[in-house]
Participant: 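One structure is given below, represented as structure tokens, and several questions about it will come after.
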Amino acid sequence: MAALSIGISSTSSFIFHANSRTRRNSTAISKISCVQWDPEGVFRRPPQTGHIARLEFQRRLGKDAEAREAFERQIQEEKERRRALRQSRVVPDSAEQLIEYFLDTEAQEIEFEIARLRPRLNEEFFSQLQLELGQLRFAVSKTQEMEDRLIELEALQKALLEGTEAYDKMQADLIKAKESLSKILASKDIKATLLEMVECNELSRALLTILDENIANAQKGNQKQAAEFMEKLRVAVLKYITV
């Protein structure tokens, strides 16, 4: 929204000089040296614009700062809530119970649980899930509860299969990215190495993720030179990725 700008007049004092003779024979001279009261606005200066606009801008800055603080506070509270929820949950031992565990998981927590429990999402688990799905699909008589259960399990199977596939690909990409970063850091000619890696299709977004982690760790450890080097390297890698 455009800033509101309304001019207002100033009420500062004004200086006005005038000489007057009261009588021809009198030598006394009266002088009006200062006019403080000007109800008719005779001596007002031209309007000075921008005052209210500046006040409005400062007011909005204050409101924006308060809104940012409130938003950041909500994000932090949500992080704390999720952390507490994760710590309070007990991972079951059997595949049957693990299915119920995932059914009770909030949608935004599925990715986290897949990463945490990836070793448990194995052939045994998916075989148990497929077994329950088969029993529900081919049941002679189905109740509404069974229909609802079937829909839930089908959705869960789809989410877990897609989630584990994406997680495995991400892990493979990260491993390659770490190898690429090691190759770059060991190189005596970084630019030539980057060009060579572009030709071999060895640069990826995963490498940017690794660089971001290294930059954050360096800044956290107050390693300014390392952080600056990684930032420059990130810029170079991004340039070659987007070409």
Participant: Surrounding CD of Glu123 (heavy atoms of other residues, nucleotides or ligands, distance under 6.0 Å), is the total greater than 12?
Facilitator: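 12 or below, so no.
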Participant: Apply side-chain contact (heavy atoms from CB on, under 4.5 Å) to residues Gln128 and Ile99 and explain how you reach the verdict.
Facilitator: CA-CA 9 Å; Gln128 179 61 37; Ile99 292 173; 3.8 Å; yes
Participant: Is there a path from Tyr240 to Ile210 through hydrophobic residues (I, L, V, M, F, W, Y) whose side chains come within less than 4.5 Å of each other?
Facilitator: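 Yes, because Tyr240 and Ile210 connect within a single hydrophobic cluster, where side-chain heavy atoms sit under 4.5 Å apart.
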Participant: Is there a path from Leu185 to Leu207 through hydrophobic residues (I, L, V, M, F, W, Y) whose side chains come within less than 4.5 Å of each other?
Facilitator: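 Linked, Leu185 and Leu207 end up in one cluster.
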Participant: According to side-chain hydrogen bond (donor to acceptor under 3.5 Å, both in side chains), does anything in residues 83-92 pair up with another residue at least two apart or in another chain? List the pairs.
Facilitator: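 Every side-chain hydrogen bond (donor to acceptor under 3.5 Å, both in side chains) pair that includes a residue of residues 83-92, provided the two are not neighbours, is Glu80-Arg83, Arg86-Glu109, Arg89-Thr105.
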Participant: Would you check, one step at a time, whether the test salt bridge (Lys or Arg N to Asp or Glu O under 4.0 Å) holds for Glu228 with Lys232?
Facilitator: CA-CA 6 Å; Glu228 290 175 358; Lys232 291 179 180 179; 5.7 Å; no
Participant: With the threshold set at 4.0 Å, does a side-chain nitrogen-carboxylate oxygen contact exist between Arg81 and Glu77?
Facilitator: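 The answer is no: the pair does not qualify as a salt bridge.
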Participant: Drop me the distance from Lys178's NZ to Lys176's NZ, to the nearest 0.5 angstrom.
Facilitator: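 Interatomic distance, Lys178 NZ to Lys176 NZ, rounded to 0.5 Å: 14.5 Å.
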Participant: If you define the side chain from C-beta out and look only at heavy atoms, does anything of Leu85 sit under 4.5 Å from Glu106?
Facilitator: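 Yes, close enough: below the 4.5 Å cut-off.
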Participant: Output all residues satisfying salt bridge (charged side-chain N to carboxylate O under 4.0 Å, His left out) with Glu179, sequence neighbours left out; order by chain, then residue number.
Facilitator: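 Result, salt bridge (charged side-chain N to carboxylate O under 4.0 Å, His left out) vs Glu179: none returned.
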Participant: Only pairs under 3.5 Å count here: list side-chain donor-acceptor contacts from residues 216-225, not counting sequence neighbours, and write none if there are none.
Facilitator:
| from | atom 1 | to | atom 2 | distance (Å) |
| --- | --- | --- | --- | --- |
| Asn217 | ND2 | Glu213 | O | 3.1 |
| Gln219 | NE2 | Glu231 | OE2 | 3.1 |

Participant: Between Met146 and Leu129, is there a shared hydrophobic cluster once you connect ILVMFWY residues whose side-chain heavy atoms come closer than 4.5 Å?
Facilitator: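 In one cluster with Met146: Leu129, yes.
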Participant: Could you walk me through whether Arg205 and Thr209 pass side-chain contact (heavy atoms from CB on, under 4.5 Å), step by step?
Facilitator: CA-CA 7 Å; Arg205 294 282 173 180; Thr209 301; 5.6 Å; no
Participant: Return the set of residues passing salt bridge (charged side-chain N to carboxylate O under 4.0 Å, His left out) with Glu152 (not counting sequence neighbours), or none when no residue passes.
Facilitator: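 Once residues adjacent in sequence are excluded, Glu152 has no partner under the salt bridge (charged side-chain N to carboxylate O under 4.0 Å, His left out) criterion.
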Participant: For the backbone of Asp93 and the side chain of Arg120, can you confirm whether one donor and one acceptor N or O come within less than 3.5 Å of each other?
Facilitator: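 Answer holds: yes.
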Participant: Give a yes or no on whether Leu131 and Leu98 share a hydrophobic cluster (residues Ile, Leu, Val, Met, Phe, Trp, Tyr; joining criterion: side-chain heavy atoms under 4.5 Å apart).
Facilitator: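 No, no single cluster joins them.
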Participant: Please tabulate, for side-chain N and O atoms in residues 157-171, each donor-acceptor pair with protein atoms closer than 3.5 Å (sequence neighbours left out).
Facilitator:
| from | atom 1 | to | atom 2 | distance (Å) |
| --- | --- | --- | --- | --- |
| Gln157 | NE2 | Gln130 | OE1 | 2.7 |
| Lys158 | NZ | Glu162 | OE2 | 2.8 |
| Thr164 | OG1 | Leu160 | O | 2.8 |
| Thr164 | OG1 | Leu161 | O | 3.0 |
| Asp168 | OD1 | Arg118 | NE | 3.0 |
| Asp168 | OD2 | Arg118 | NH2 | 2.8 |
| Lys169 | NZ | Asp173 | OD2 | 3.0 |

Participant: So with a 6.0 Å cut-off around CG of Asp148, is the heavy-atom count from everything else above 12?
Facilitator: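 It does: Asp148 CG has more than 12 such atoms within range.
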Participant: Identify all side-chain donor-acceptor contacts of residues 188-197 below 3.5 Å with residues at least two apart in sequence or on another chain.
Facilitator:
| from | atom 1 | to | atom 2 | distance (Å) |
| --- | --- | --- | --- | --- |
| Asp189 | OD1 | Lys191 | N | 3.4 |
| Asp189 | OD1 | Ala192 | N | 3.2 |
| Thr193 | OG1 | Ser187 | OG | 2.4 |
| Thr193 | OG1 | Asp189 | O | 2.9 |

Participant: Just how far is it from atom CZ of Phe126 to atom CG of Leu121, taken to the nearest 0.5 Å?
Facilitator: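 CG of Leu121 is found 5.5 Å from CZ of Phe126.
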Participant: Atom CE in Met230, atom CG in Leu211: separation rounded to 0.5 Å?
Facilitator: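 Nearest 0.5 Å value for the CE-CG distance: 6.5 Å.
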Participant: Take atom CD in Glu124; do more than 12 heavy atoms of anything else shown fall under 6.0 Å from it?
Facilitator: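 No - once you tally the heavy atoms of other residues, nucleotides and ligands closer than 6.0 Å, there are 12 at most.
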Participant: Indicate, with yes or no, if Ile114 and Leu103 share a hydrophobic cluster defined by side-chain heavy-atom contacts under 4.5 Å among Ile, Leu, Val, Met, Phe, Trp and Tyr.
Facilitator: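 Yes; tracing contacts between hydrophobic side chains, which count when under 4.5 Å, links both residues.
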Participant: Say you draw a straight line from OG of Ser94 to OH of Tyr101; how long is it, rounded to the nearest 0.5 Å?
Facilitator: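 Reported to 0.5 Å precision, the distance equals 13.5 Å.
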Participant: A side-chain contact here means heavy atoms from C-beta on lying under 4.5 Å apart; do Val235 and Lys239 qualify?
Facilitator: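 A side-chain contact under 4.5 Å is absent here.
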Participant: Quick one: CD on Glu113 to CG on Asp104, what's the gap to the nearest 0.5 Å?
Facilitator: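 Rounded to the nearest 0.5 Å, the CD-CG separation comes to 11.0 Å.
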Participant: Could you go through the salt bridge (Lys or Arg N to Asp or Glu O under 4.0 Å) check for Glu154 and Arg137 one step at a time?
Facilitator: CA-CA 10 Å; Glu154 286 177 339; Arg137 284 172 182 153; 3.4 Å; yes
Participant: Please report the interatomic distance CZ(Arg234) to CD1(Ile241), rounded to the nearest 0.5 Å.
Facilitator: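 Here the rounded value is 8.5 Å.
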